[in-house]
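Inspection log for the structure reproduced underneath, given as structure tokens.
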Amino acid sequence: MPAEITMLADHPARQLLDFSQRLDINLLDNVVNSMYHDIGSQQRVAQEVLTNLKDHPDAWMRVDTILEFSQNMKTKVAFHSIPWWRFHGCFFNFR
């Protein structure tokens, strides 16, 4: 198992990927800060968590909470662009 995945398994940010728990906005803001300001393994873990979180099928359901309660503009920007229709099962015909 790669070192980054092992670190993620034990990393507190892993709880952001558990959609059965309430979203910890402060933790999310810290992970986004880590993505932009840390280097090395911490930055890689932050990137992995954020990518997995944004790609989760239920991610669109957390966007309103993130936009309302996050104190970090970079967090808001990162999650503002999640296409809710992609995950919601809605498909539009734009002809």
Side-chain angles (χ1 to χ4, degrees):
M1 183 180 296
E4 291 86 23
I5 294 174
T6 302
M7 289 185 333
L8 180 58
D10 298 331
H11 200 278
R14 178 98 176 123
Q15 82 178 51
L16 294 172
L17 303 176
D18 183 355
F19 278 70
S20 68
Q21 293 185 28
R22 186 169 179 236
L23 180 62
D24 183 341
I25 293 291
N26 291 326
L27 178 59
L28 179 60
D29 284 344
N30 289 337
V31 170
V32 170
N33 281 333
S34 182
M35 172 68 193
Y36 285 98
H37 300 293
D38 288 345
I39 58 173
S41 63
Q42 284 298 102
Q43 186 180 44
R44 284 192 300 273
V45 168
Q47 182 174 359
E48 185 175 348
V49 168
L50 293 174
T51 299
N52 288 328
L53 182 59
K54 289 170 71 173
D55 287 345
H56 192 282
D58 293 331
W60 65 274
M61 296 186 335
R62 292 193 163 181
V63 171
D64 61 336
T65 301
I66 293 167
L67 295 178
E68 183 175 354
F69 296 108
S70 174
Q71 299 299 309
N72 185 342
M73 188 56 68
K74 290 179 181 176
T75 303
K76 292 181 181 194
V77 170
F79 287 89
H80 183 265
S81 62
I82 291 179
W84 62 268
W85 60 88
R86 179 175 137 201
F87 300 111
H88 195 262
C90 297
F91 298 95
F92 299 99
N93 186 354
F94 292 107
R95 288 185 181 180

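Keep in mind it's a predicted model, so treat the numbers as computed, not measured.
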Measuring from atom [atom1] of [X] to atom [atom2] of [Y], what distance do you get when rounded to the nearest 0.5 angstrom?
| X | Y | atom1 | atom2 | value |
| --- | --- | --- | --- | --- |
| Asn52 | Arg14 | CG | CZ | 7.5 Å |
| Leu16 | Leu50 | CG | CG | 8.0 Å |
| Asn33 | Gln71 | CG | CD | 11.5 Å |
| Phe69 | Asp64 | CZ | CG | 8.5 Å |
| Gln15 | Leu28 | CD | CG | 10.5 Å |
| His56 | Phe19 | NE2 | CZ | 4.5 Å |

Please find the pair of heavy atoms, one from [X] and one from [Y], that lie closest to each other, and give the distance.
| X | Y | result |
| --- | --- | --- |
| Lys76 | Ile66 | CG-O, 4.1 Å |
| Ser34 | Gln42 | OG-O, 3.5 Å |
| Leu67 | His80 | CD1-CD2, 3.9 Å |
| Arg62 | Gln21 | NH2-O, 2.7 Å |
| Gln43 | Met35 | NE2-O, 2.9 Å |
| Leu53 | Ala59 | O-CB, 3.2 Å |

Applying the side-chain hydrogen bond (donor to acceptor under 3.5 Å, both in side chains) test to Ser70, which of Asp29, Asn26, Thr65 qualifies?
Asp29
Common cluster, Tyr36/Val77, ILVMFWY with side-chain heavy-atom separation under 4.5 Å
no
